[in-house]
Structures are given as C-alpha cells and as structure tokens.
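Below is one structure; the comments refer to it alone.
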Amino acid sequence: MPTAFPPDSVGLVVPQMAHFSEPLALACGRSLPAYDLIYETYGQLNATASNAVLICHALSGHHHAAGFHSADERKPGWWDSCIGPGKPIDTTKFFVVSLNNLGGCNGSTGPSSLNPETGRPFGADFPVLTVEDWVHSQARLADRLGINQWAAVIGGSLGGMQALQWSISYPDRLRHCLAIASAPKLSAQNIAFNEVARQAILTDPEFHGGSFQEKGVIPKRGLMLARMVGHITYLSDDSMGEKFGRGLKNENLNYDFHSVEFQVESYLRYQGEEFSGRFDANTYLLMTKALDYFDPAANFDDDLAKTFAGAKARFCVMSFTTDWRFSPARSRELVDALMAAKKDVCYLEIDAPQGHDAFLIPIPRYLQAFSNYMNRIEL
Amino acid sequence: MRADLEIIQDWIPAGSRVLDLGCGDGELLSWLRDNKQVTGYGLENDPDNIAECVAKGINVIEQDLDKGLGNFASNSFDIVVMTQALQAVHYPDRILDEMLRVGRQCIITFPNFGHWRCRWYLASKGRMPVSEFLPYTWYNTPNIHFCTFEDFEALCSEREARVINRLAVDQQHRHGWASKLWPNLLGEIGIYRVSSPSLQDHQIAV
C-alpha cells in the first residue's frame with residue numbers, strides 16, 4: 001500500500017554513508033585513523049553549490065532530521081517541523097545536509113563500532129570528542145560533497161554550539177550561523193546535571209567499564225536514569241504541570257514505593273525505557289563531555305567578543321522564555337559578545353511554555369521569524 | 001519614509017554606527033543601511049515588528065528598554081536614536097542617561113504635551129487630552145510619561161546634556177514659522193539632537 005507523505009514533507013529519504021580514510025587529529029591528542037559518517041540530504045544542490053545548509057544535532061540527535069525512512073515509519077525525522085518544502089529551512093531553496101556526529105550511535109563511527117585495530121567494539125576506548133573535533137569532521141564531509149561554503153550552519157542546543165564553532169574555526173566556510181536555544185558554554189548547574197547522568201551510567205553494574213557490549217548486556221538502568229534526569233531539564237515546570245499535573249495512573253494511592261502512581265512517573269519511565277533501548281551508553285557519556293568541554297572563549301582570554309572577532313558569518317540567535325537548561329540569559333551573553341565584536345546579529349526571545357524542547361516544536365512566532373531569516377539568505 | 005525619520009536621517013552621517021531604541025519595523029535602519037552605509041542594531045520588543053525587521057535583514061535585538069542598556073559599552077555608538085518612545089518607557093531620565101553614555105550623540109523625538117491643543121483640551125474639558133495623533137485614554141495609554149519641550153530641555157540641562165539641534169514640527173512634520181516662534185505652544189512633535197556632557201565638542205558633517 002503506497003502511503004502519501006504530507007505535501008510539506010521531504011518524503012522518503014535514504015541515509016548515505018561517507019568513509020574517510022585520512023586520519024583525523026582530535027583535541028584529546030589522539031587521532032582516528034579512519035571513520036564513517038552517516039548523513040541524509042534533502043533538496044537539490046545548485047550548480048554553484050551555494051545553497052547548502054548544514055544541520056547539527058543535539059545530545060541525543062542523529063542524521064534523520066526530516067522525512068521518512070519508510071512508508072510506515074510512525075514519526076518523521078526529529079526536526080521535520082522546520083525542514084521541508086515551505087518550512088523555515090525550505091528544501092525547494094536549500095540543499096540540506098544532516099549527519100550523525102562522530103561518536104554517535106546511529107551509523108557514524110562511535111563507541112559501539114568495531115575498532116579495526118582490535119576487531120572488537122571500541123567501547124570505553126573510543127576517544128573523547130569535542131565540538132571542535134565534530135566541526136573538523138563536518139568540514140571534511142562538506143569537502144566530500146563539494147560544498148566550499150555553507151549558506152548556513154544551523155543547530156539547536158549542542159547543535160547550536162557546533163554552528164558557533166563553525167563560525168570561529170572556519171570563518172570563510174559559512175555565511176550564516178543560527179544558534180537556537182544554545183549557549184557559549186555550560187554553567188556549573190548544567191555540568192552538574194550532566195555529571196548526574198554520567199554517574200547513573202558509570203555506576204550501573206552492567207556498564208562494565210564501558211565494555212558492556214562484549215559482555216552482551218546494556219547498562220539499561222543507568223541510561224534510563226540519565227535520560228530521566230535529562231528529560232526533566234528539557235521541560236519547564238509549566239509544561240510538566242500542564243501535561244501531567246498531579247494526575248494519577250489509577251484512582252487510589254498504593255502507599256508503596258514500587259508502583260507507578262503519578263502520570264509524570266509513568267511518562268519519565270517510558271521515556272527512559274524507550275531511550276535505553278536505542279541509545280549507546282558510551283555515546284551518551286561522550287556527548288555530555290562534549291557539552292561540558294565546549295568553551296570557545298577559553299582560547300581567547302575568556303573574552304567572548306574576542307572569540308568571535310574573526311567570524312565572518314551573520315548570526316541569528318533564538319531562545320525560549322521558559323528554557324532553564326539553556327536559558328535566554330545565556331543566549332543574551334552570546335548576543336552581547338557578538339554586538340561588542342560588531343557582528344551582524346538578530347536575537348529573538350520567544351515566549352513559549354515548552355522549556356528547552358521548544359526549539360523542536362512548531363511555535364508560530366518561532367517558525368515565522370525562522371522563515372523570515374532563511375528567506376533573506378542570498379544564494 | 002515616515003516624515004520624522006526623513007528629518008532624522010539628515011542628522012546621521014554616512015557610515016555611522018547607530019543604535020535605534022524601539023526600532024519598530026526597521027524602516028529607519030534599513031533606509032540608512034541602503035542609502036548611507038550605516039551599521040548598527042535596533043532594539044525592539046514587539047514580536048511582529050521583530051519579525052518584520054528580520055525579513056528586512058535588520059540586526060534586530062529583542063530587548064526591553066526599561067531594563068536599560070547595561071549590555072552596551074560606553075561610547076560604543078556614534079548615534080543612539082529613540083523615536084516616539086521616550087514617553088512610553090518607565091524611566092525616561094534613566095534611559096536618557098543611558099543613551100548619553102552609550103552614544104556620542106542622541107536623537108530623540110517625542111510628542112509635545114505643551115502644544116496648545118493639549119492645553120486647550122485640558123483647560124476647556126478638564127479631561128486628559130485625546131486626539132487623532134494620541135488616541136488613547138489615560139488608563140490604556142502606553143504613553144505613561146508625557147512631557148513638554150520645556151520639561152525635556154530642563155532634564156537635558158539638569159544632566160548637562162547639550163542640545164545641538166531642536167526642531168518643533170506639526171503632525172505632518174512641517175516646521176513652519178509658527179512652531180519656530182513658539183515651539184512649546186505650537187510644535188506638536190519635538191526632534192532633538194543632544195550630546196553627552198562628557199564629550200568634547202566635535203563636528204559631525206551633516
């Protein structure tokens with residue numbers, strides 16, 4: 001039975017694989033001799049390759065940002081609300097590239113891949129990666145695709161950090177940088193949340209120092225807890241209140257500790273459960289470290305304006321009022337630095353109740369401004 | 001272009017760096033960018049105006065003027081502009097201080113509450129003036145700090161800000177002989193260019 005995709009969907013997409021055999025030197029001092037990157041593309045690259053847009057994913061994201069992998073896939077890609085014909089990242093205008101970052105667990109080389117040197121999964125031996133490393137690997141993917149300069153590099157949250165790093169590391173290779181619900185570095189509170197998530201994984205007896213794969217187990221409990229604590233920080237108090245309130249699964253309280261009583265408990269358990277079945281624990285550790293380490297100003301006397309002095313891109317920064325994980329104040333910090341560095345920048349603080357997750361949600365004002373910005377981009 | 005903006009642009013030298021407080025839909029900044037190579041930012045807090053600025057490619061920053069300009073360094077702009085917003089902010093005196101700190105010169109426009117029609121309305125009806133130009137009633141007006149030209153100039157002199165230019169115009173932004181003769185009585189809108197007390201006199205080519 002052929003299923004019709006919505007008219008504003010990019011439709012059926014097929015992931016592609018790029019193999020790189022030139023070693024990639026990493027910030028940690030080690031290097032990866034060879035690696036694969038899995039990616040998807042939407043739209044057509046024009047003759048001058050001036051319409052390419054790079055999508056950078058967040059903590060648990062991947063290359064499948066838009067469209068469907070099959071006619072019966074239940075949900076489209078994670079940013080389908082923003083990518084497609086007539087959507088803010090309009091695929092009738094732009095050629096969109098979305099990849100799974102190095103160290104990921106959705107097809108790109110990562111801790112769960114086989115280490116060619118040992119013939120066993122990398123596991124905990126996979127090098128710790130930084131946002132800079134990712135950007136270098138993405139630049140190689142751009143080379144491979146014949147893209148000398150991105151029309152825009154776009155990302156939310158950790159993805160926004162990659163977009164920012166692009167403007168610093170490769171100032172000539174992008175014209176626009178869009179950092180949404182992002183930050184120039186994590187706060188202590190943010191690192192603290194990541195550390196709780198890491199400890200949940202590291203102390204799970206099934207983690208086996210990262211070699212769980214070889215033992216044929218997964219640290220399910222740890223991953224689940226990590227996701228649960230993460231998930232709480234992605235929502236706002238209001239959105240949780242509205243979604244669940246103090247609603248109960250059943251009518252009565254059980255006066256025990258093992259039953260799932262409140263709706264919110266059930267939801268978090270479901271989210272954790274689902275996540276632990278699809279995500280690699282070592283990748284989760286790696287992604288949270290990349291977040292914690294990101295601090296581009298550290299190389300510029302902790303002066304954020306100086307950090308962006310060499311950037312040539314135009315910037316668009318957006319934040320959401322109830323986002324407390326990457327609060328508007330952090331975006332304003334970034335915007336102030338960009339203005340001090342005399343860069344072109346737009347800043348929007350979108351009133352939205354959904355917390356950090358708002359950047360994934362089709363909020364009318366957000367989509368309108370996003371579209372207006374993207375429509376202005378000259379090819 | 002809006003008539004008051006037409007007058008203002010004349011006071012902004014080509015290539016200047018401008019901060020526009022309450023930049024609306026970005027009309028002034030986009031004109032200055034296209035015709036005078038002016039760079040800078042517009043601060044705005046109305047979502048529709050912001051979206052329009054983004055569509056025009058204006059550097060618009062969502063920011064509440066009542067929270068001040070603490071995120072801008074002193075003397076970081078050639079000119080700070082604020083059109084028709086002085087009467088709508090919570091602390092006009094503080095925002096004036098901030099403008100004088102951040103910009104070398106400031107251009108400010110505001111409605112004159114000392115205009116004869118306001119005086120006549122209040123004197124004859126005993127009620128707060130409502131006009132086509134200022135159509136709000138006292139309880140729903142965004143304009144919470146009306147002043148007259150005399151009041152504004154008193155504030156400038158208190159802050160030792162120097163008034164470089166003053167134009168009193170009518171609603172059509174004409175500055176005829178009458179408003180030149182009795183600005184505080186016959187001028188409806190004031191367009192002022194002031195400079196900071198700490199700044200040396202310097203010639204700006206207009």
Side-chain angles (χ1 to χ4, degrees), chain A residues 88 90 151-152 175-181 184 303-306 308 311 313-321 323 327-352 363-378, chain B residues 15-30 32-34 37-81 98-99 101-104:
Chain A
D90 192 335
R175 298 198 296 282
H176 294 267
C177 171
L178 289 88
I180 306 166
D303 182 339
L304 202 53
K306 213 166 158 189
F308 287 103
R314 302 190 57 160
F315 293 82
C316 178
V317 179
M318 293 191 261
S319 70
F320 300 90
T321 48
D323 183 351
S327 71
R330 313 307 317 286
S331 283
R332 282 199 298 267
E333 213 176 287
L334 175 62
V335 170
D336 289 345
L338 289 168
M339 289 197 290
K342 302 188 176 179
K343 302 297 158 186
D344 284 320
V345 53
C346 288
Y347 173 59
L348 282 86
E349 201 167 298
I350 291 151
D351 195 15
I363 298 158
R365 187 188 164 204
Y366 167 46
L367 295 194
Q368 182 66 58
F370 200 168
S371 294
N372 286 3
Y373 191 88
M374 296 304 292
N375 289 341
R376 280 267 327 170
I377 295 181
E378 285 168 19
Chain B
S16 347
R17 200 167 144 72
V18 172
L19 182 65
D20 188 354
L21 309 184
C23 67
D25 64 3
E27 191 181 8
L28 177 68
L29 282 176
S30 65
L32 290 170
R33 172 194 63 196
D34 298 341
Q37 299 78 47
V38 160
T39 57
Y41 305 96
L43 307 189
E44 182 54 56
N45 63 359
D46 175 73
D48 293 334
N49 276 335
I50 292 169
E52 189 50 43
C53 286
V54 172
K56 286 192 175 108
I58 293 300
N59 288 329
V60 65
I61 307 295
E62 183 155 354
Q63 185 168 332
D64 182 356
L65 296 183
D66 284 324
K67 293 191 176 141
L69 303 175
N71 52 330
F72 294 98
S74 299
N75 290 321
S76 52
F77 289 88
D78 296 314
I79 299 182
V80 182
V81 179
E98 281 287 83
M99 290 175 75
R101 176 183 69 78
V102 168
R104 281 181 257 280

Those residues at least two apart in sequence (or on a different chain) that pass salt bridge (Lys or Arg N to Asp or Glu O under 4.0 Å) with A/Asp344 are A/Arg314
B/Lys56 and B/Asp25 ion-paired at < 4.0 Å: yes
At a 4.5 Å cut-off on heavy atoms, which part of A/Val335 comes close to chain B: side chain, backbone, both, or neither? side chain
Please walk me through it: do B/Arg104 and B/Asp78 pass salt bridge (charged side-chain N to carboxylate O under 4.0 Å, His left out)? CA-CA 5 Å; B/Arg104 281 181 257 280; B/Asp78 296 314; 3.4 Å; yes
Taking all heavy atoms of A/Ala152 and all of A/Leu178, pick out the closest pair and write down the distance. CB-CD1, 4.0 Å
Using 4.0 Å as the upper bound for N to carboxylate O, is an ion pair formed by A/Arg175 and A/Glu378? no
So which of A/Gln368, A/Met374, A/Glu333, A/Arg365 has the biggest tally of heavy-atom pairs under 4.5 Å with chain B? A/Arg365
Which heavy atom of A/Lys343 sits nearest to which heavy atom of A/Phe308, and what is that distance? CE-O, 3.0 Å
Checking heavy-atom separations under 4.5 Å from chain A, one finds in residues 38-51 of chain B B/Tyr41, B/Pro47, B/Ile50, B/Ala51
Quick one: CG on A/Leu348 to OH on A/Tyr366, what's the gap to the nearest 0.5 Å? 11.0 Å
